[in-house]
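Remember, it's 1-based here, ligands and their atoms both numbered in the order they're listed. Atoms considered below: every heavy atom in the structure, side chains included; atoms not considered: hydrogens, waters and symmetry mates. Computed from a predicted structure; not experimentally measured.
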Amino acid sequence: MALAVFERLFAGRWIAGPGIEDAMAVARRFNKRGISAIFNYLGEDLRDRRMVDDAVSVYSELIRRTGREGVRASISVKPTQLGASISYRTFVKNYNRIVKLAKSNGVFVWFDMESHGMVDTVIRAYRSDMKSKDTGICIQAYLTRSYDDALRLARAGAIIRLVKGAYKESPDVAYQSREAVTANYMKIMEMLFRESRHFMIATHDLAIIERARKLNRRYKRNVEYAMLNGIRNPYAVSMASRGESVSVYVPFGRAWLNYSYRRLKEAGHLSLILKSVLENQAI
Ligand SMILES: Cc1cc2nc3c(=O)[nH]c(=O)nc-3n(C[C@H](O)[C@H](O)[C@H](O)COP(=O)(O)OP(=O)(O)OC[C@H]3O[C@@H](n4cnc5c(N)ncnc54)[C@H](O)[C@@H]3O)c2cc1C
């Protein structure tokens, strides 16, 4: 009962619905407003090979339909959906399958970044294939290692999606206060303007977005902005109407609990949670 209320109140605002068709319908609505979708099939830390195969099949179907139906969308995959918790070999085999299929359907593939223990695995797999230019990697500003990772990747030509970071990490590896995370985000972002031609600023932090827009008047990079569905939809629409390149991350599937929990935790205090529920996110 409590879960059903939670799902109705919160998950329904952030998650397109259980199936591919739900995600495609939300993407089409965003496309009409000049915004691309970034599809994510919910699910993480899969240790059962059948569940990994199921995730690969869902992504394969999604890629085919996106290509065939001309929906403006990329996909964003969690490494542990492709078997990174089982073995590096399983992950890379599935990674290559998805990337190959996406390439032949003209669909860009992002790799989500999960917990700190996965970072080396994801960077290693990404670097072995990044010449294709059809894939991008997420970097989390809350990790103290991320400036160096982002610099090395940017210099090697990677396409980086910069986020603050959504997992619980220890003080040995991650900045803990919002101020310190934001400061590191700004530092990495400024470096990306100098070192990279194409990257994504994925945040709802308006001060960061304004700083990026200002920097880009000088650097004229290919900067994409991205937000999560249901958090600042009207703002995303207004940015797109001002000519910015904007995407919205559209999760779908039945495994909505962990995702929703992270969004609630970020909203932090009750007033923001209530505001988020009451605010009109219709586009
Ligand atoms: C496109 C995209 C892809 C992402 N991919 C990853 C990934 O692969 N790995 C990863 O670890 N994280 C990922 N994230 C999540 C990210 O790390 C942050 O957890 C999330 O974006 C919140 O941080 P923020 O940058 O918006 O800044 P915050 O400082 O958290 O928020 C800035 C402001 O935005 C508003 N806001 C933020 N969140 C909420 C909310 N839930 N409800 C209501 N208002 C809110 C508030 O007004 C807040 O003050 C992704 C985020 C985006 C937008």
Side-chain angles (χ1 to χ4, degrees), residues 9-11 13-15 30 35-42 44-45 73-81 84 108-119 122-123 126 135-143 146 149 159-169 173-186 188-189 199-212 223-236 239 245-251 258-281:
L9 263 182
F10 300 107
R13 300 180 68 77
W14 300 319
I15 293 161
F30 277 113
I35 294 172
S36 296
I38 305 173
F39 291 130
N40 172 255
Y41 176 53
L42 292 163
E44 52 199 89
D45 201 17
S74 53
I75 62 165
S76 198
V77 184
K78 291 205 187 305
T80 62
Q81 288 186 300
F108 189 91
V109 182
W110 286 104
F111 285 92
D112 276 20
M113 195 59 87
E114 301 179 76
S115 58
H116 177 257
M118 278 290 155
V119 176
V122 183
I123 291 180
Y126 180 75
T135 54
I137 185 169
C138 178
I139 292 290
Q140 298 154 318
Y142 65 7
L143 295 183
S146 286
D149 286 339
I159 301 174
I160 291 175
R161 176 174 90 208
L162 186 59
V163 303
K164 286 192 182 175
Y167 297 80
K168 172 109 191 91
E169 300 291 359
V173 297
Y175 299 106
Q176 302 292 312
S177 71
R178 185 168 274 187
E179 292 69 28
V181 175
T182 302
N184 201 40
Y185 193 112
M186 292 281 196
I188 298 172
M189 178 172 86
F199 52 93
M200 178 176 269
I201 296 300
T203 184
H204 316 94
D205 187 326
L206 302 186
I208 292 178
I209 295 171
E210 279 317 307
R211 176 87 186 122
V223 182
E224 299 179 58
Y225 296 90
M227 292 169 219
L228 304 176
N229 182 30
I231 296 190
R232 286 205 196 274
N233 289 356
Y235 188 79
M239 277 188 84
S245 168
V246 184
S247 298
V248 168
Y249 190 92
V250 178
N258 283 343
Y259 181 88
S260 302
Y261 175 69
R262 285 197 289 272
R263 302 292 80 81
L264 275 181
K265 201 160 56 79
E266 272 151 25
H269 40 91
L270 192 62
S271 62
L272 195 54
I273 293 173
L274 289 176
K275 188 166 163 253
S276 164
V277 172
L278 298 173
E279 226 169 41
N280 186 5
Q281 294 291 325

Nearest heavy atoms of [X] and [Y], plus distance in Å:
X: C138; Y: M113; value: O-CE, 3.2 Å
X: K164; Y: I208; value: CE-CD1, 3.8 Å
X: D112; Y: V122; value: O-CG1, 4.5 Å

N or O pair under 3.5 Å between [X] and ligand 1:
X: A202; answer: no
X: G165; answer: yes
X: W14; answer: no
X: M113; answer: yes
X: Q140; answer: yes

- Verify salt bridge (Lys or Arg N to Asp or Glu O under 4.0 Å) between K78 and D45, making sure each step is shown before the conclusion. CA-CA 9 Å; K78 291 205 187 305; D45 201 17; over 6 Å; no
- Message: Once salt bridge (charged side-chain N to carboxylate O under 4.0 Å, His left out) is applied, do any residues pair with E44, and if so which ones, sequence neighbours excluded?
- Response: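 By the salt bridge (charged side-chain N to carboxylate O under 4.0 Å, His left out) rule, E44 matches R262.
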- Query: Does E210 have any salt bridge (charged side-chain N to carboxylate O under 4.0 Å, His left out) partners at least two apart in sequence or in another chain, and if so, which?
  - Reply: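 Listed in chain order: R213.
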- Message: Taking 4.0 Å as the limit for heavy-atom contacts, which would you say applies to C138 with ligand 1: side chain only, backbone only, both, or neither?
- Response: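 The answer is the side chain.
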- Task: May I ask you to identify, for T182, whether its side chain, its backbone, both or neither come under 4.0 Å of ligand 1 on a heavy-atom basis?
- Result: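 T182 to ligand 1: no contact under 4.0 Å from either part.
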Using a strict 4.0 Å cut-off to heavy atoms of [X], name the atoms of ligand 1 that fall inside it.
X: R161; answer: 3 (C), 4 (C), 5 (N), 6 (C), 7 (C), 8 (O)
X: K164; answer: 17 (O), 24 (P), 25 (O), 27 (O), 28 (P), 29 (O)
X: Y167; answer: 11 (O)
X: M227; answer: 53 (C)

- Query: Of all the heavy atoms in R232, does at least one lie under 4.0 Å from an atom in ligand 1?
  - Reply: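 Yes, R232 has heavy atoms under 4.0 Å from ligand 1.
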- Mark yes or no for whether E114, through its side chain, and T80, through its backbone, hold a donor-acceptor pair below 3.5 Å.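 Checking the backbone N and O of T80 against the side chain of E114, a donor-acceptor pair under 3.5 Å is found.
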- Task: Without swapping roles, check the side chain of S245 against the backbone of E224 for a donor-acceptor pair under 3.5 Å.
- Result: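 Checking the backbone N and O of E224 against the side chain of S245, no donor-acceptor pair under 3.5 Å is found.
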- Message: Given D205, V181, N229, T203, identify the one with the heavy atom nearest to atom 25 (O) of ligand 1.
- Response: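 Among D205, V181, N229, T203, the closest heavy atom to atom 25 (O) of ligand 1 comes from T203.
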- Message: Heavy atoms only: which of E224, R263, R262 lies closest to atom 15 (C) of ligand 1?
- Response: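 The option holding the nearest heavy atom is R263.
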- Query: With a distance cut-off below 6.0 Å to the six-membered ring centre and an angular limit of 45° from the axis, does R263 pair with W14 as a cation-pi contact?
  - Reply: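 Pair R263/W14 does not count as cation-pi.
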